[in-house]
Amino acid sequence: MSGTATEPVCRNTAASLLDGDRRSPRVPGVRAPGQRRTRVMVVEPYDGTAPPDRLDDEFDVVLRIPAPMPGEGLTAVLGRVRPQVLLLKHSLENIDEPTVAVCRELGVEILVLARPVYGLLHTPSLRRFGGLPWIRLRSGPPRGTGEGLKRCFDLTAIAVGAVLALPVMLAITVVISFTGPPFYRQQRVGAGGRIFHVIKFRTMRTGAERDTGPVLAQPDDVRVTRIGRFLRRSRLDELPQLWNVLRGDMSLVGPRPERPEFIAEFRRMPHYDLRHLVRPGLTGIAQLTGGYAATVEDKLRCDLLYLNCRSLRVDLTLLALTVLELLRGFPRG
């Protein structure tokens, strides 16, 4: 059904559909007396690779457009059509800031078609409409209470875990010291593009990049020592970065910080700098799903996913999965 409902009715209907309001027994798309179905605009890949859906059975689909759009831009269409919900069936990394800004201004909810890896989060943002899974997005830098709570959680978790972490770190330090310096410092790019020095246990032979210069780590890197291979597989080489978390350079969960030597090249990818809106982390979606073998594009996709659905619940889920992977030995390398 087409047409525009009054503003309060539209907003309440969208909120009940997307938030799963248990107080309302209405089935999505079924009109109760005096209410209209939620107005939805769908953006689909131009090549027809997106899976079919049954959205028309649940929503008032006012428009379906291809991506990328020829002629009139998406932001202009949003301003003209003014849907309540924007459903994006193309890749997460193709979402640009102007689209997010216009949706925020118009009060349009944004949901993107979920990939299989998104289920890792068990996030409350994950919804199912039209026979497909969708995840709600939010954008922008962390604010106020949420960021303060995340920082408080990081410090509390480190204080509690120090009892176990410190003896392990001491033992590793002694073992590595037989072959050279146990630690190494390396420049990384953090929140806001700020440079900081990350601290890790040394896993490569000394002077590994003396002749080659900066080189991205590989799954079976020949520069890695025998003890270093174990530390990488078990992720124990990351433990000294707890100091970076204490300093505020990093968080326990977030995108992995990259070296500034590689950032200039990575920034050629759309929206790469969005990952610098939050503090980098010891663990995260990319670390859990790809390890050292993950491509830059895969990592960016995971980082953008985290940026758009971050919450304390998501952080707790990722930390729990990290502990489980530590016990398994991170089979992905």
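For the pair Glu44 and Asp53, the minimum side-chain heavy-atom distance is below 4.5 Å. At least one side-chain heavy atom of Val189 sits less than 4.5 Å from a side-chain heavy atom of Pro260. Glu265 places none of its side-chain heavy atoms less than 4.5 Å from the side chain of Val296. A heavy-atom distance below 4.5 Å is not found between the side chains of Phe266 and Leu300. Val168 has its side chain out of reach of Leu166: every pair of non-hydrogen atoms, C-beta onward, lies at least 4.5 Å apart. A heavy-atom distance below 4.5 Å is not found between the side chains of Arg235 and Glu325. Between Lys200 and Gln186 there is no side-chain heavy-atom pair separated by less than 4.5 Å. Taking the side chain as every heavy atom from C-beta outward, Met250 and Gln241 approach each other to under 4.5 Å.
Under a 3.5 Å cut-off, the side chain of Arg128 and the backbone N or O of Gly131 do form a donor-acceptor pair. In this structure a side-chain-to-backbone donor-acceptor pair under 3.5 Å is missing from Lys150 to Ser311. When atom types are taken as modelled, the side chain of Glu109 and the backbone of Val85 share no donor-acceptor pair closer than 3.5 angstrom. Panel note: side chain Asp57, backbone Gly130; no donor-acceptor pair is recorded below 3.5 Å. Looking at Arg188, its side chain never comes within 3.5 Å of a backbone N or O of Phe196 through a donor-acceptor pair. In this structure, the side chain of Arg232 does not engage the main chain of Val224 through any donor-acceptor pair within 3.5 Å.
The CG atom of Leu78 sits 9.5 Å away from atom CG of Leu63, with the distance rounded to the nearest 0.5 Å. Here the straight-line distance linking atom CD of Glu105 with atom OG1 of Thr75 works out to 10.5 Å at 0.5 Å rounding. Rounded to the nearest 0.5 angstrom, Cys103 SG and Leu88 CG are separated by 7.5 Å. Rounded to the nearest 0.5 Å, atoms OG1 (Thr203) and CD1 (Ile227) are 10.5 Å apart. Of the inter-residue distances, the one linking Leu239 atom CG with Leu282 atom CG reads 8.0 Å to the nearest 0.5 angstrom. To the nearest 0.5 Å, the span separating CD1 on Ile199 from OH on Tyr184 amounts to 11.0 Å.
Across all non-hydrogen atoms, the minimal contact from Gly254 to Tyr306 is CA-CE2, 3.8 Å. Nearest heavy atoms, Arg37 versus Asp56: NH1-O, 3.3 Å. The nearest pair of heavy atoms linking Ala286 to Asp303 is CB-OD1, 4.2 Å. Looking at every heavy atom in both residues, Trp134 comes nearest to Leu113 through CE3-N, 3.4 Å. Closest approach of Thr38 to Gln84, counting heavy atoms only: CA-OE1, 3.5 Å. For the residue pair Asp249 and Arg247, the shortest heavy atom distance occurs at OD2-NE, 3.0 Å.
Ile172 pairs in a side chain to side chain contact (heavy atoms under 4.5 Å, CB included) with only one of the listed residues (Val174, Val175, Ile176, Leu170), which is Ile176. Only one option out of Leu132, Val61, Asp60 pairs with Leu55 in a side chain to side chain contact (heavy atoms under 4.5 Å, CB included); it is Val61.
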Checklist line | Met41 and Val77: CA distance, side-chain angles, deciding distance, side chain to side chain contact (heavy atoms under 4.5 Å, CB included) verdict | finding: CA-CA 10 Å; Met41 190 169 86; Val77 175; 3.7 Å; yes

Item checked: CA sep, side-chain torsions, deciding dist, call: Ile158, Val245, side chain to side chain contact (heavy atoms under 4.5 Å, CB included) -> CA-CA 9 Å; Ile158 290 176; Val245 178; 3.3 Å; yes

Note to self: Go through it in stages, so that I can follow the logic: the residues are Arg202 and Thr179, the test is side-chain hydrogen bond (donor to acceptor under 3.5 Å, both in side chains), and I'd like the CA-CA distance, side-chain angles, deciding distance and then a yes or no.
What the structure shows: CA-CA 10 Å; Arg202 180 176 59 84; Thr179 59; 3.0 Å; yes

Item checked: side chain to side chain contact (heavy atoms under 4.5 Å, CB included) between Phe230 and Arg233, intermediate numbers included -> CA-CA 5 Å; Phe230 166 76; Arg233 185 175 181 83; 5.8 Å; no

Next item on the list: Let me see the working for Arg151 and Arg279 under side chain to side chain contact (heavy atoms under 4.5 Å, CB included), right down to the final yes or no.
Entry: CA-CA 10 Å; Arg151 179 65 178 155; Arg279 287 191 182 98; 4.2 Å; yes

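The closest side-chain donor-acceptor pair between Ser251 and Asp154 falls under 3.5 angstrom.
A 6.0 Å sphere centred on CD of Gln187 holds more than 12 heavy atoms belonging to other residues, nucleotides or ligands. Other residues, nucleotides and ligands place more than 12 heavy atoms under 6.0 Å from the CZ atom of Arg194. In the displayed structure, Arg64 atom CZ is contacted under 6.0 Å by more than 12 heavy atoms of other residues, nucleotides or ligands.
By the 30° and 60° cut-offs, the orientation of the rings of Phe59 relative to Phe129 is perpendicular.
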